[in-house]
S.K.: 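If you scroll down you'll find the structure; I have some questions about it.
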Amino acid sequence: MSERILIVEDEAKLARFVELELLHEGYEVDKSPDGRDGLNKMESGAYDLVLLDIMLPGLNGLEVLRRARRTVDTPVIMLTARDSVMDKVTGLDMGAEDYITKPFEIEELLARIRAALRKAQRRQPASHVLTAGALALDVDRYTAAYDGQPIELTHREFDLLRTLMENEGIVMSRSALVERVWGYDYMGETNIVDVYVRYLRGKIDDAYGVKLLHTVRGVGYVLRV
Ligand code: CA
């Protein structure tokens, strides 16, 4: 599958030129001529990389980057004017991957794009599926299965199971589980954990005749195969 690149640039000729070069390299390309539209597109999370001009109508590129970083971590290469050292520094501080100064050689831009994509690839764990015996949890798709059979879990059940699986073999106290699954500001009783472990046992241990969820008396729970 080819990688998708978004070009946020108001200079139509430059945007078109870069678009053609990227298409030629086999990337999928979208263009956006202003900051607000660019931000909306970025927030869709549909892109592997964004080329972001700084001087844009609507919202400037730095503001687009600042807002986009609340929700997405798509690598961004800033397109900056020659003299704007502040823009470069600010852009990098705000989480841009790299910048390139206009006017640029297309070969240099392509090299920077390849480098940024490689780096982003390395950041991603190879697999987002946790397993314990025949139990599998796909943390991207929010699905669970035992021996290939789908298990219906609520959001909380999923989060609790995920925490236990990430800590397989490690005894987790009730308060540690509450903190991770319900959050620091949860004000209720820690026996909420017992209730949810019971739900999970019903759906996994009892349903498949196995024993994965173990009680450690006086302490908490451990998932062990
Ligand atoms: Ca511009």
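For ligands, and for the atoms within them, numbers begin at 1 and follow the listed sequence. Note that these values count all heavy atoms, side chains included, but never hydrogens, waters or copies made by symmetry.
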S.K.: Under the side-chain hydrogen bond (donor to acceptor under 3.5 Å, both in side chains) test, which residues partner Asp73, sequence neighbours left out?
M.R.: none
S.K.: Using the rule side-chain contact (heavy atoms from CB on, under 4.5 Å), only one of Leu200, Thr163, Val193 pairs with Tyr221; which is it?
M.R.: Val193
S.K.: Can you pull the ring-ring contact (aromatic ring centres under 6.0 Å, His included) pairs that have at least one residue in residues 149-172, sequence neighbours excluded?
M.R.: Tyr142-His155, Tyr142-Phe158
S.K.: Which other residues end up in the same hydrophobic cluster as Val64, if Ile, Leu, Val, Met, Phe, Trp and Tyr are linked when side-chain heavy atoms come under 4.5 Å apart?
M.R.: Leu6, Val8, Leu39, Met42, Tyr47, Val50, Leu52, Ile54, Leu56, Leu59, Leu62, Leu65, Val76, Met78, Leu92, Met94, Tyr99
S.K.: Excluding waters, which protein N, O or S atoms are within less than 3.0 Å of the Ca ion (ligand 1)?
M.R.: Asp10 OD1, Asp53 OD2, Met55 O
S.K.: Side chains of Thr215 and Arg201: donor-acceptor distance under 3.5 Å anywhere?
M.R.: yes
S.K.: Below 30° counts as parallel, above 60° as perpendicular, anything between as tilted: where do the rings of Tyr196 and Tyr199 land?
M.R.: perpendicular
